[in-house]
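Predicted model, so just to flag it, every value in this text is computed and none were measured.
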Amino acid sequence: MIHLFSQNGLQIALDVNTGNIFLFDEITAKMLANFPDRPPTLEEARAQLANLYPQGISEATLTQAYAELQTLIDQKMLYSPDFIDDKTAEKLHPRSGLKALCLHVSHSCNLRCDYCFAHQGDYAGTGIHGTVPCLMSPEVAFKAVDFLMENAGRENVEIDFFGGEPLLNFEVVKETVAYGKRLAKIHNRNLYFTLTTNGTLLDEEKITFLNNEMHNVVISIDGRKKVHDRFRYDVAKKGSYDRILPPAVKLVREREKNPPQRRDYFIRGTFTTETLDFTEDVLHLAGLGFKRISLEPVTGSGAGYHIGKEHLPAVLNEYDNLARVIAAPDPAKPDFSFYHFQLNLYEGPCIYKRITACGAGFEYFAVSPEGDLYPCHQFVGLPQFKAGNIWEGIHDPRLVETFKNINVLTKTACKNCWAKFFCSGGCHADSYFTNNDLATPNEITCIMQRKRIECALGLEVARRIKEQEDSA
């Protein structure tokens, strides 16, 4: 299978099975345009071009282009054969225990963001505490660390602090980090920490701690002040932009000074139907000095701000617009990267990860404040997705097996999709909440993801072209 597309005026072909990327001229691209699943014969190529070029193309041009294509095909670089079957995931990499836990240290939040999947931080009152906001105790947090160390199947493991707003339980975060570091030494593991915050509680003490101890910090900022304050406000309906921005800038600037190994951060924003010009928000954040930026669409139904099918033309156009802005040479443009346009084509994830995605439900679990285990943070509180708890382990092995067996080889919609080895089948939670089925991806999300991948591939091709021109 090949996928042929145009990005920023470049005619690009992706060989799906190998990941090989080719830059073709217009004639060769049009020769292939109607043949995604098999190469055209010489006569089919001649007929295809005759329809597109009534004025005619010389036989020499046609035969040379076709011969070049045939060389790539003979070398199995283009239209390469399938190399996987339904057992490939098991053959490639046996699942070997936990890699990460997401600790919900706070089911409470001081903001009331309209689009929050966690019902403004309390997860719709799920769990034993009902609608009362709940903070994780040190005992639960420490036991979660024990559970990770005892069940980890690798040297490098991770703990993510999440909420609600995790900094509402800052003392437990600090104590858990100290406990985790001690335990990691005993178990000879490398333990990495991540924290996601709305930024409202950042102060000198917290900034210093996060920059010393967290290997990744995710701060939620949607972009321009009017955009951010429209959805991210507190209980008094007051926007949080002015409150968040100074400490967020301070944290990032200090974090970028002499960064230790694996220190990272992201400014993670959200766009809705009201901000389909989100390139402006990306540039706004970049202009503030943030170099690592992500903007996520709000999908779903029932609210006017949810991205629906009717909004897709505008969204796809805006992704193209953002890619053009990034690719355009402009010495005045701030230096930044957009998360969804970042693809490591040379040292990227192994084929096992490309097939099985995030590992939710078997390599990765979320831990509720009470100590219950769920496949990921978005399933927390849903009784049908409770897999067990940190004291007794897994109670529902069938649920774990279900998540193990959901991948691009078993999802019907993914099997013949050209993007499957880049998106890895998408988000299980998004599939479930859209279609009430873990194995049926959200069509709207898929369309946006495919466009983002095209933009990313186009930017990588453009970068390589520039490198060659600069070295010539």
* To do: Verify the neighbour count for atom NZ of Lys76: are there more than 12 heavy atoms of other residues, nucleotides or ligands below 6.0 Å?
  => no

* Give me the one residue out of Phe403, Phe365, Tyr374 that meets ring pair (Phe, Tyr, Trp, His ring centres under 6.0 Å) with Phe379. => Phe403

* Asked: Parallel, tilted or perpendicular: which describes the rings of Tyr432 and Phe385, with under 30° parallel and over 60° perpendicular?
  -> perpendicular

* Would you check if the side chain of Asn110 reaches a backbone N or O of Thr200 as a donor-acceptor pair within less than 3.5 Å? => no

* Asked: Among all residues two or more places apart in sequence or in another chain, which pass the salt bridge (charged side-chain N to carboxylate O under 4.0 Å, His left out) test with Arg38?
  -> Glu44

* **Neighbour count >12 (heavy atoms, 6.0 Å) for atom CD, Glu296** => yes

* Are any side-chain N or O atoms of Thr445 and backbone N or O atoms of Pro441, one a donor and one an acceptor, separated by less than 3.5 Å? -> no

* To do: Would you please test Asn169 and Met136 for side chain to side chain contact (heavy atoms under 4.5 Å, CB included) and show each step?
  => CA-CA 8 Å; Asn169 202 4; Met136 180 178 285; 4.2 Å; yes

* Structure fact -> By ring pair (Phe, Tyr, Trp, His ring centres under 6.0 Å), Phe22 pairs with (sequence neighbours left out) Phe24

* Do the side chain of Asn151 and the main chain of Phe147 share a donor and acceptor less than 3.5 angstrom apart? -> yes

* Contacts of Phe422 that satisfy ring pair (Phe, Tyr, Trp, His ring centres under 6.0 Å) - sequence neighbours left out -> none

* Asked: Is there side-chain contact between Thr270 and Arg232, with at least one heavy-atom pair below 4.5 Å?
  -> yes

* Mind checking whether Phe162 and His104 have parallel, tilted or perpendicular rings, split at 30° and 60°? -> tilted

* To do: May I ask you to check whether over 12 heavy atoms, not counting those of Lys174, lie within 6.0 Å of atom NZ?
  => yes

* **Test ring pair (Phe, Tyr, Trp, His ring centres under 6.0 Å) applied to Phe209 - qualifying residues, sequence neighbours left out** => Phe170

* Between His228 and Leu245, is any pair of side-chain heavy atoms under 4.5 Å apart? -> no

* Asked: Do any N or O atoms from the side chain of Ser240 and from the backbone of Ile244 form a donor-acceptor pair under 3.5 angstrom?
  -> no

* Results of ring pair (Phe, Tyr, Trp, His ring centres under 6.0 Å) for Phe5 - residues two or more places apart only -> His3

* Structure fact -> Across all chains, not counting sequence neighbours, the side chain to side chain contact (heavy atoms under 4.5 Å, CB included) partners of Asp277 are Arg224, Thr275, Glu280, Glu318

* Report the relative orientation of the aromatic rings in Phe231 and Tyr115; use parallel for angles under 30°, tilted for 30 to 60°, perpendicular for over 60°. => tilted

